[in-house]
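Since the structure comes first, as structure tokens, the remarks are kept for the end.
For ligands, and for the atoms within them, numbers begin at 1 and follow the listed sequence. Numbering starts at 1 and runs along the sequence shown.
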Amino acid sequence: MTTPSTPNAESAAFRTALEVIRGVEPRIADAIGAELHDQRESLKLIASENYASPAVLLAMGNWFSDKYAEGTIGHRFYAGCRNVDTVEALAAEHARELFGARHAYVQPHSGIDANLVAFWSVLAARVERPALERAAARQVNDLDEADWEALRKELGNQRMLGMSLDAGGHLTHGFRPNISGKMFHQRSYGTDAETGLLDYDALRATAREFRPLIIIAGYSAYPRLINFRVMREIADEVGATLMVDMAHFAGLVAGKVFTGDHDPVPHAQIVTTTTHKSLRGPRGGMVLCDDSLAEQVDRGCPMVLGGPLPHVMAAKAVALAEARQPTFADYAQRIVDNARALAEGLQRRGARLVTGGTDNHLVLLDVSGYGLTGRQAEAALLDAGIVTNRNAIPRDPNGAWYTSGIRLGTPALTTRGLDPAGLDEVAELIDTVLSQTSPGTTKSGKPSKASYAVADGVAKRVAERAADLLAGHPLYPEVDLG
Ligand SMILES: *Cc1c(COP(=O)(O)O)cnc(C)c1O
């Protein structure tokens, strides 16, 4: 976390803000206070969550929220955007410098929005533009009805190849129920049945046969490295655009833990991310790209995005400035060290991990060895004050709702200052709860995938140990609400 510029400046700022809010709707002030309390009390292992600094949080709470600023820096559809221009230009500059990217677009409101911008950018550059050229038209408006009909067909007939959901991919990477799986013909690639690792040969074979317009790499629940140089080779070989969604691991790229073949930015034509996961900024998204797509990406708003959120762009600029400080690289390295300690701690106690370990910020624990579903394990751990989420494992026999896995991530606990010894203690607590939880039965006496029972006193004892562990690592130590 950042050092306060004056003692207790953060406390004063948040106390005053709550006082002002209390004057209008006291229940909201109470809920904000209660949320800080709950976050401080819970042992958070949600791999996609983190704790943004007070500076990031404060940058969002102001009159930038009042501005409409559709368009791009210096080219707005509204007057009076000079300060928004300053903010957006600084956020983009920090992003380009931090990631070594040619172009950065910091308007997307979330990771999914960033992906939509990326999809439309590739479609516009590779399908729409050639079609307009063929029709000797400059804009869609210049097309006649027959050209327009043909263009619509062509846009709707493109192919996407992404990592399957159960191998750790994201819904927006071509999952059928998601819009990405409907606007594109989709095919997915997965992991090797034995090792659980990405199978590049199988991916290459699928790409050769399927010839997608876009190959997406990136994940929400894959605990290993990806070789983006190989991904780009495959994409080039089949004429695909390589898009990397680094939503989960952007902080590890920013902190130079992922370099060379494991840094997506030099290899992909387009990279999307969230800003609130390991990158530790405000909730939001971002697109980085090379020169070939910059013009299309900048049309994100109003093409597919609603008006930009200038207050969030201000917070993105602050977070990206933080991520450019050397302390962020230490933080990123500690995330990975902590994840490894958690993985080793669990394995030493007999737990089974998908792929047998981790190289990044997350661990995928197969809870079938405890005789539980992911849903039972998630609920039992929550009873003991440990917040996780259930997650499908490759070829999951319990499907995407009950699942057989628990996803654990270390970015948040690392922000609190826990070290590898602390994460070993966390492994001990998790193993204690799960090994003393039994599955329940349904009313008709069949094994239930949802109900469970934790042995007497175990949840309470573990919750006390978790509270002790957290007490040594206070969250937002600079914030005292009084
Ligand atoms: C979290 C995530 C997203 C979605 O981010 P939102 O901000 O929730 O829209 C997209 N892609 C991947 C890989 C993610 O992990």
Inset, instruction - Would you verify whether the NZ or CZ of R159 falls within 45 degrees of the ring axis of F210 while also being under 6.0 Å from that six-membered ring's centre? - result: yes
Inset, instruction - May I ask you to check if R299 and W120 form a cation-pi contact, with NZ or CZ under 6.0 angstrom from the six-membered ring centre and within 45° of the axis? - result: no
Legend entry - Verify atom 11 (N) of ligand 1: protein non-hydrogen atom under 4.0 angstrom away: yes
Based purely on interatomic distance, does [X] place a nitrogen or oxygen under 3.5 Å from a nitrogen or oxygen of ligand 1?
X: G284; result: no
X: A247; result: no
X: S110; result: yes
X: T274; result: no
X: T172; result: no

What protein heavy atom lies closest to [atom]? Include the residue and the distance to one decimal.
atom: atom 7 (O) of ligand 1; value: G111 N, 2.8 Å
atom: atom 3 (C) of ligand 1; value: H170 NE2, 3.3 Å
atom: atom 13 (C) of ligand 1; value: D245 OD2, 3.2 Å

Legend entry - Parallel, tilted or perpendicular, as decided by the 30° and 60° cut-offs, for the rings of H248 and Y219: tilted
Inset, instruction - Could you label the plane-to-plane angle of the F258 and F249 rings as parallel, tilted or perpendicular, counting under 30° as parallel and over 60° as perpendicular? - result: tilted
Inset, instruction - For the residue pair D298 and H103, establish whether any side-chain heavy-atom pair is separated by less than 4.5 Å. - result: yes
Legend entry - Donor-acceptor side-chain pairing of N398 and K449 below 3.5 angstrom: yes
Could you tell me, atom by atom, which parts of ligand 1 come under 4.0 Å of a heavy atom of [X]?
X: K277; answer: 1 (C), 2 (C), 3 (C), 14 (C), 15 (O)
X: I112; answer: 4 (C), 5 (O), 6 (P), 9 (O)
X: H276; answer: 7 (O)

Inset, instruction - Determine, using ring centers only, whether F184 and F119 are less than 6.0 Å apart. - result: yes
Legend entry - Crowding at CZ, R102 (>12 non-hydrogen neighbours, <6.0 Å): no
